[in-house]
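Letters A, B, ... are given to chains in the order of the sequence lines, protein chains preceding strands, and every chain is numbered from 1.
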Protein chains: 2
Amino acid sequence: MINYAEILKSSGLKATLQRLSILKIINTNGHITIDDLYKEMYKVNSTISLATVYKNILTMMRKSLVLEIPIIEKKSYYELKKSDHIHLICDICNSIEDKDINDLGLEINRVSNNFILSHSQLNLYGTCEECQK
Amino acid sequence: MINYAEILKSSGLKATLQRLSILKIINTNGHITIDDLYKEMYKVNSTISLATVYKNILTMMRKSLVLEIPIIEKKSYYELKKSDHIHLICDICNSIEDKDINDLGLEINRVSNNFILSHSQLNLYGTCEECQK
DNA sequence: CTCTGTGCAAAGCGTTTGCAAACGA
DNA sequence: TCGTTTGCAAACGCTTTGCACAGAG
């Protein structure tokens, strides 16, 4: 059980119901688009404004609580900040699977000599196991 | 000297002046946004339409002649298709540097078991050598 | 109580579309 | 010549903005 209120406050943000709802829904879904996030929030509170979702995603991205996953020819997905990992993105069903990396991290450090790494975006596009059937 | 006309034709596309111009400019710049691409084309031919640029980038992406590089909180860049490589994207000056990978490729194959890889998007964000000064 | 955050409606802007004319093969 | 591509202008849809009101601390 994650204490989102504390996380928000320690980033200098007020723990509003809207923000708590956003963090909870992203966490439940793993990765989600703005639209789907809005739809989920709407189910709980139909007075939620799409503008509020946009504003908060931006705010929380700037505070590094939320990360954007830009995807080729599609809308961006958003996820909670966690340790670096790879995304396996299915071209067919659009599913996104997280994959941890260990050795890969070492390689990346070696590659990025003279480059101070802040964030890595490792997306692999292809066909997932399910869609191969 | 690359024969873009041949490449286009073998993809079933007509080798129009506009398309040849797009490919030449992308090749010269390495990575470029739609806007900058349009501006470069406009210098040569001021009757070029932005819609034509959009249409052709899409068409050539579908034929895998051009690849999109989606970037967090910024507009996408486009590059010519070449062997897989890493992008070092500077948070400060927005420069994009290509970096070849060898060992990394092996790791990726290992990670993506049961996943048929079609394209990898490896973007590392940080501060480039120049901007560290 | 004060300042931040929300909801609403309008504005903004990048991208797409439809169609007649131009062009490539 | 015939099908494809272009240029133009309008339409579209996602995202942002401004402002009055509500809510968190």
Under 3.5 Å: donor-acceptor pair, side chain of [X], backbone of [Y]:
X     : Y      : value
A:S11 : A:I7   : yes
A:N29 : A:H31  : no
B:S76 : B:E68  : no
B:E97 : B:C128 : no
B:S21 : B:L17  : no

Whole-Å distance between [N] [atom2] and [X] [atom1]?
X     : N      : atom1 : atom2 : result
B:M60 : D:dT5  : CE    : P     : 11 Å
B:E6  : C:dG24 : CD    : P     : 16 Å
B:I57 : C:dT16 : CD1   : C1'   : 15 Å
A:I71 : D:dC14 : CD1   : C1'   : 17 Å
B:K75 : C:dG12 : NZ    : C1'   : 12 Å
B:I22 : D:dT6  : CD1   : P     : 7 Å
B:Y78 : C:dG14 : OH    : P     : 13 Å

Worksheet entry | Stepwise salt bridge (charged side-chain N to carboxylate O under 4.0 Å, His left out) test for B:E40 and B:K24 | CA-CA 11 Å; B:E40 287 299 315; B:K24 194 172 147 226; over 6 Å; no

Worksheet item: Heavy-atom contacts under 4.0 Å between residues 9-21 of chain A and DNA chain D, which residues?
Response: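 Heavy-atom cutoff 4.0 Å gives A:K9, A:K14, A:A15.
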
Discussion item. Can you pull out the residues from residues 29-53 of chain B that lie within a 4.0 Å heavy-atom distance of DNA chain D?
Written reply: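 Result for residues 29-53 of chain B: B:T47, B:I48, B:S49, B:A51, B:T52, sorted by number.
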
Worksheet item: Taking the inter-plane angle between the rings of A:Y42 and A:Y38 on a 0 to 90° scale, is it parallel (under 30°), tilted (30 to 60°) or perpendicular (over 60°)?
Response: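 If you compare the ring of A:Y42 with that of A:Y38, the planes turn out tilted.
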
Fill in: Under 3.5 Å donor-acceptor pair, A:K55 side-chain atoms to C:dG7 base atoms
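Yes.
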
Fill in: Test side chain to side chain contact (heavy atoms under 4.5 Å, CB included) applied to B:L67 and B:K81, B:Q121, B:M61, the passing residue
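Going through the options one by one, the only one that passes is B:K81.
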
Worksheet entry | Ion pair check, A:E73 and B:R62, cut-off under 4.0 Å |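 The answer is yes: the pair qualifies as a salt bridge.
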
